[in-house]
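Every number for a ligand or one of its atoms is a count from 1 in the order of the listing.
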Amino acid sequence: MDLDVDRVRSAFPALSDGVAYFDGPGGSQVPRVVADAMARTMCTGISNRGDVTRAEQVADEVVLQARGAVSDLLDCDAGGVVFARSMTQATYDLSRALAKEWREGDEVVVTRLDHDANIRPWLTAAENAGATVRWVGFDRITAEQTVDDVRAELSDRTRLVAVTGASNLLGTRPDVPAVVEAAHEVGAQVYVDGVHLTPHAPVSFANLGADFFACSPYKFFGPHVGVLVGKPEQLEAVHPDKLLPSADDVPERFELGTLPYEILAGVTATVDFIADLASSASERRARVVESMRVVEDHEERLFLRMLDGLSRSGKVTLHGSPKRRTPTALFSVAGHSSQEVYEHLAGHDVNAPASSFYAIEASRWIGLGDDGAVRAGVAPYTNDDDVDRLLAAVNELTR
Ligand SMILES: Cc1ncc(COP(=O)(O)O)c(C=O)c1O
């Protein structure tokens, strides 16, 4: 099945502004059904979760439906779905809670391929616990990161390995199940940053085998919220700081304060939207997987066109060439700063910003410093016309 990109685009009010949005890796546009679900929830009688009044029941249903939706999106137990302000917040919170059990001499492994949200919280937690940090690099030319790169930093003192499902800077998709296997062999837990992977591929938390997985619905058509998943029995063993009267159940124990019900209703609508992108299967999980496979094919085709067009100009340098990757191009144009390229493209209504995008270690590692380069990411709503416009605008600079 092909993705009906015209139908997909018609679901997004924002796309009527005529801008070609290649900044999906920073945050996607939002379909009307998601915005409507949020507005509806705010205009419905709703109070705090409970089971006495109808308003309390509505709040409870909204939360349980959102956990169920994430369970279908990520193939995880709904009882292990935690909502947070953002992935960064979720990671900081969990790192502090896990580090309560770390001792001096324990080790934590982080990688230079990762967004800083999957590095800095672990560094701080390790420092506070007296644990040692071990760094995993990656190939500076191809941007590949192998399981052997990770294995080289493991020891019987490793407590946690923080890896990315996909690099938001270079698109690299490391072999996460292999990393998990290697980490588990030495008794370490694995925290996967799935923020950049989840918009581009079907994800199965169960098949990844990881202990924790985090993502951000605003990267895949949803509202601004963070999601952390773990196995409920494993979450039971973790004790974050909490208020005295707040629930000590899992997953509520990890959710500080009152949940944003309208945002959670948006999460459910987001998963339903993804499920209906390109599938008519009956179960929502099956529809998600089928739709995401169709999305992968659509994005791959446009990405290859984009790469081909960019690489035709001798003046464009494409950074990284990992074999398994998301449709995320990072490039520089000779004779122009990346900021100039970004502004030039914006002047043509082509949104493809320049930065390190918080993957600052990766950007420094490959010699792009703190400024990074221009990033163009394909989304399900990207079409051939968008790619043509990006290439034409870049060509104007390279002629
Ligand atoms: C790969 C990756 N990880 C983590 C984050 C941080 O996500 P959040 O904004 O939800 O904290 C981002 C945001 O750009 C990202 O791209």
Near Asn168, which atoms of ligand 1 are under 4.0 Å from a heavy atom of that residue?
1 (C), 16 (O)
Between Arg151 and Glu181, is there a salt bridge with N-O shorter than 4.0 Å?
no
Take the angle between the ring planes of Trp102 and Trp122 and call it parallel below 30°, perpendicular above 60°, tilted in between.
tilted
Region of Gln89 that comes within reach of ligand 1 [heavy atoms, distance under 4.0 Å]:
neither
Using a 3.5 Å cut-off on N or O atoms only, is Asp193 in polar contact with ligand 1?
yes
Backbone or side chain, does any N or O of His196 fall under 3.5 Å from an N or O of ligand 1?
no
Regarding Glu343 and Gln339, is there a side-chain donor-to-acceptor distance under 3.5 Å anywhere?
yes
Whether over 12 other heavy atoms sit under 6.0 Å from Glu340 CD:
yes
Ionic contact status for Asp386 with Arg9, cut-off 4.0 Å
yes
Structural part of His115 in contact with ligand 1, heavy atom criterion under 4.0 angstrom:
side chain
Between Val225 and ligand 1, does any nitrogen or oxygen pair lie at a separation below 3.5 Å?
no
If you scan protein heavy atoms around atom 11 (O) of ligand 1, the nearest is Thr88 OG1, 2.5 Å
Side chain, backbone, both or neither: which part of Val195 has a heavy atom under 4.0 Å from ligand 1?
side chain
Side chain, backbone, both or neither: which part of Ser216 comes within less than 4.0 Å of ligand 1 when only heavy atoms are counted?
side chain
With no hydrogens and no angle check, do the side chains of His239 and Asp248 hold a donor and an acceptor under 3.5 Å apart?
no
Specify the protein heavy atom at minimum distance from atom 14 (O) of ligand 1: its residue, its atom name, and the distance to 0.1 Å.
Lys219 NZ, 2.6 Å
His196 and its side-chain hydrogen bond (donor to acceptor under 3.5 Å, both in side chains) partner, picked from Thr172, Thr326, Thr164:
Thr326
Heavy-atom pairs closer than 4.0 Å: do any link ligand 1 to the side chain of Tyr218, the backbone, both, or neither?
side chain
So, are Lys323 and Asp175 salt-bridged, with charged N and O less than 4.0 Å apart?
no
For Ser86, atoms of ligand 1 separated by under 4.0 Å from a heavy atom:
8 (P), 10 (O), 11 (O)
Met87 neighbourhood, listing ligand 1 atoms whose heavy-atom distance to it stays under 4.0 Å:
4 (C), 7 (O), 8 (P), 10 (O), 11 (O)
Nearest heavy-atom approach of Leu169 to Thr328 is O-CG2, 4.3 Å
